[in-house]
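Per chain, numbering begins at 1; letters A, B, ... match sequence-line order.
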Number of protein chains: 2
Amino acid sequence: MSDLLERLRGRGWRMTAQRRVVAEVLNGEHVHLTADEVHSRAVAKLPEISRATVYNTLGELVSLGEVLEVTTDKRAKRYDPNAHRPHHHLVCARCGAIRDVHPTGNPLADLPDAERFGFTVSDVEVTYRGLCPDCASA
Amino acid sequence: MSDLLERLRGRGWRMTAQRRVVAEVLNGEHVHLTADEVHSRAVAKLPEISRATVYNTLGELVSLGEVLEVTTDKRAKRYDPNAHRPHHHLVCARCGAIRDVHPTGNPLADLPDAERFGFTVSDVEVTYRGLCPDCASA
DNA sequence: CGTTTGACTTAGACAAAGTCCATTGTAGGA
DNA sequence: TCCTACAATGGACTTTGTCTAAGTCAAACG
Ligand SMILES: [Mn+2]
Ligand SMILES: [Mn+2]
Ligand SMILES: [Zn+2]
Ligand SMILES: [Zn+2]
């Protein structure tokens, strides 16, 4: 993702080996790694990178809107580089596998005014749960 | 909720002061307390109740299907006594207030087969986010 | 009722996920 | 090349939750 790195440099980011490695690890489709998984993979490329730096960098990428935080399970937060096209998630209840999905329809329209309690509603997250092919056949 | 206590007794639960207090605390509409909040309120009624017992009791209530676990934010799990009528949640992004909502429509039907990746989809959670009236005016 | 017993509760150790801070290092401009 | 503000580091600390060994008590039984 030199796209990403280019954009970040443009935003005044100081480019360091650590930040480059974190950005490299967060690359691909259906990628939803925990901070610890990002750290392990980053260590493979740059052994001296610290946990704190991984957390810092992930936090910065999130506030820049380049990465999304996803909390599909109650354990660690997951980091999603697919922040450009809005999407939702399909999660295997047994093994935790996560896929990006794009449902049709607009759930925002499905919430009547009477059910909004005066809130200004700006966003909807939809999480589908079920069993992945592997777990269903086992 | 003597309803609940009655049902639990019917299921062979030994009725203790601790369990009664936890069940009392989990009572009402739009109630979504964390385990620690349940513990604080339980301590007010029964000072010697322990954290472990609160966690144990909440876990049992969840496996009995009497209480739902809700993870609207990435912090602590919340416990929802409104397990009888299915519903979704509306969350204030600033102060964390949570309301139960009942959207129209069926999000399951909005996920095309091509977007299911072979999963057996059994459940959908929808979380609406926005600002509550208080936070919007501030 | 009093006894008995296994289910229940407790305190505290432990673990996982994440935050914070003082110190040390360095990217990138002058 | 030098300087310095920004970034990285390790480790202490916090929060949330789990586990266990030992003590307690609800309720079944007589
Ligand atoms: Mn995603
Ligand atoms: Mn609810
Ligand atoms: Zn699976
Ligand atoms: Zn609010």
Side-chain angles (χ1 to χ4, degrees), chain A residues 5-26 32-64 66-80 96, chain B residues 5-6 8-26 32-43 45-64 66-80 96:
Chain A
L5 293 179
E6 216 36 64
R7 230 173 311 140
L8 294 174
R9 211 185 312 258
R11 299 221 210 186
W13 244 37
R14 182 180 292 187
M15 196 46 53
T16 68
Q18 291 85 347
R19 286 173 168 181
R20 222 183 322 265
V21 163
V22 169
E24 275 170 34
V25 165
L26 285 175
H32 306 92
L33 300 171
T34 65
D36 260 7
E37 287 166 351
V38 171
H39 182 236
S40 304
R41 300 187 186 201
V43 162
K45 295 167 181 260
L46 184 70
E48 68 273 24
I49 191 173
S50 72
R51 262 173 22 98
T53 295
V54 169
Y55 275 105
N56 287 341
T57 305
L58 290 173
E60 288 158 6
L61 289 169
V62 169
S63 20
L64 291 173
E66 299 289 349
V67 165
L68 298 175
E69 275 180 358
V70 180
T71 56
T72 49
D73 60 63
K74 46 279 176 186
R75 319 215 41 204
K77 288 183 232 178
R78 294 181 172 273
Y79 293 87
D80 184 343
Chain B
L5 293 180
E6 214 38 62
L8 294 174
R9 210 185 315 256
R11 299 221 208 188
W13 247 36
R14 182 181 289 186
M15 197 45 53
T16 67
Q18 291 83 348
R19 287 173 167 178
R20 221 184 321 266
V21 162
V22 169
E24 275 171 34
V25 165
L26 284 176
H32 306 92
L33 299 170
T34 65
D36 259 8
E37 287 166 350
V38 172
H39 182 235
S40 305
R41 298 188 188 200
V43 162
K45 295 168 182 260
L46 183 70
E48 67 274 23
I49 191 173
S50 73
R51 260 172 22 99
T53 293
V54 169
Y55 275 105
N56 288 341
T57 305
L58 290 172
E60 289 158 5
L61 288 169
V62 168
S63 22
L64 292 173
E66 298 289 349
V67 164
L68 298 175
E69 275 182 359
V70 179
T71 55
T72 47
D73 62 66
K74 36 277 179 187
R75 318 217 36 207
K77 288 185 234 176
R78 293 181 172 273
Y79 293 88
D80 185 342

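The backbone N or O of B:Arg14 sits less than 3.5 Å from a side-chain atom of B:Arg19, completing a donor-acceptor pair. Here the side chain of B:His39 pairs a donor or acceptor atom with the backbone of B:Ile49 at under 3.5 angstrom.
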Along nucleotides 5-18 of chain D, 5' to 3', which nucleotides get a B, which get an S, and which get a -, given that the test is a protein heavy-atom distance under 4.0 Å? BBSSBB----SSBB
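For the pair B:Thr57 and B:Thr16, the minimum side-chain heavy-atom distance is 4.5 Å or more.
The shortest heavy-atom contact between A:Leu61 and A:Trp13 is CD2-CH2, 4.0 Å.
Note that OH of A:Tyr79 and CG of A:Leu33 are 11.0 Å apart. Values are rounded to the nearest 0.5 Å.
Here the P atom of nucleotide C:dT9 and the CG atom of B:Leu58 are 12 Å apart, to the nearest Å.
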